[in-house]
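The chains referred to below are lettered A, B, ... by the order of the sequence lines, with proteins before strands, and numbering in each begins at 1. The figures that follow rest on heavy atoms only: side chains count, while hydrogens, waters and symmetry mates do not.
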Number of protein chains: 2
Amino acid sequence: MSAAAPPAASAAKSPAIRDSQRIYSIAELAREFAVTSRTIRFYEDEGLIKPRRQGLQRLYSAGDRARLSWILRGKRLGFTLAEIKELLDLYNVDRTGLQQMRELLRRSRLHIEELERRKADLDAQIGEFKDVEMHVAAELRQRGVDPEGD
Amino acid sequence: MSAAAPPAASAAKSPAIRDSQRIYSIAELAREFAVTSRTIRFYEDEGLIKPRRQGLQRLYSAGDRARLSWILRGKRLGFTLAEIKELLDLYNVDRTGLQQMRELLRRSRLHIEELERRKADLDAQIGEFKDVEMHVAAELRQRGVDPEGD
DNA sequence: GTTAACGTTTACGTAAACGTCAATGTGGGT
DNA sequence: ACCCACATTGACGTTTACGTAAACGTTAAC
């Protein structure tokens, strides 16, 4: 029910109040998400994350962590950082104004459509490759070879 | 049986035997797929398509067309041209050798796994955005505003 | 015979998303 | 006081996927 990044979660109270209070170092997040610190700083330069600062050091909250996670998923989905920023910004804008809400609704729907298109592409490729898998496996069996096995 | 793109459909005989014989100019394909000729030539430089030549001019077969279509879908899915080339090459390799078939099977399965991972990412985002859509629409209705409507 | 539409190669330019130094700072152990 | 791991800010380099311009050939129309 509760989403993490854009659709910010309502502060969970029962479990993990400790987790939601945790702060992370840049290296910690880098390790966890298998990116370099350079990458995380770059995202900051691009306005995608804004960690608190203790002097010069960056301190990442659980929210920042979720944001990063969200950014990376966006990337895996093939969105550019600019697009991801737009989507993230969508939620941090005044959500009370009527115009903003209608806009948010509109953009969400557009984005969903885009995602559904991608899903169609994905399903098509998955289908094709499963076809290949089937045929090749069958052919191997016909030749008396076990398709499984090293 | 005859492969056009990777997993080509079985050659339909009843309809469109004319279509399978058609040849296309570079501009024709460019228009159809909404890319520039430059792009198509670039793909050729990268070894992704190899149209016949009539002197200098490129002549694209239906197979070439299907290949291009496949390439573009790969792109939409976020694969690099190098990855797409690998996948395309997979099918044009000797498919009779046992080793090649096992390899083909292995790679196909790996690719399917990758696609399934992406699909999970996709479904997650779709879910989040549908959540947003629901909430915002509900909020709008609560304020007595019709979520639909310009 | 020249204009237009289309094609060709060669070559340089560019935006995105980081990688890779280099120089410097900072906090904690010993 | 010294070292070490980790952090910081530039600044420049790199890869990918084309865009853009130059300079030229080919065919069809007028």
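Seen from the ring of B:F79, B:R118 counts as a face-on cation partner, given the 6.0 Å and 45° thresholds. Stacking of A:R22 on the aromatic ring of A:Y24 is recorded, both the 6.0 Å distance cut-off and the 45° axial limit being met. By the 6.0 Å and 45° rule, B:R31 does not stack over the aromatic ring of B:F33.
Contact check, A:Y43 against C:dC18: a side-chain N or O comes under 4.0 Å of OP1 or OP2. Remark: A:S37 is not in phosphate contact with D:dC6, judged by side-chain N or O atoms under 4.0 Å from OP1 or OP2. One finds a side-chain N or O of B:K75 lying less than 4.0 angstrom from the OP1 or OP2 phosphate oxygen of D:dC18. One finds a side-chain N or O of B:R58 lying less than 4.0 angstrom from the OP1 or OP2 phosphate oxygen of C:dT9. When the side-chain nitrogen and oxygen atoms of A:T36 are compared with OP1 and OP2 of C:dC18, none of them lie within a distance under 4.0 Å. At least one side-chain nitrogen or oxygen of A:R53 sits closer than 4.0 Å to the OP1 or OP2 atom of D:dT9. At the phosphate of D:dG19, OP1 or OP2 sits under 4.0 Å from a side-chain N or O atom of B:T39.
The base of C:dT9 lies outside donor-acceptor range of the side chain of B:R41, with no N or O pair under 3.5 Å.
Nearest-nucleotide positions on DNA chain C for A:L56 and B:Q57 put B:Q57 closer to the 5' end. Along DNA chain C, the nucleotide nearest B:A27 and the nucleotide nearest B:R38 are compared for position; the residue whose nucleotide lies closer to the 5' end is B:A27.
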Original post:
Are A:E148 and B:R102 close enough, and set up right, to give a salt bridge (charged side-chain N to carboxylate O under 4.0 Å, His left out), and what steps lead you there?
Top reply: CA-CA 9 Å; A:E148 320 306 325; B:R102 310 194 77 119; over 6 Å; no
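Atom CZ in B:F42 sits about 11 Å away from atom C1' in D:dT15, given to the nearest Å.
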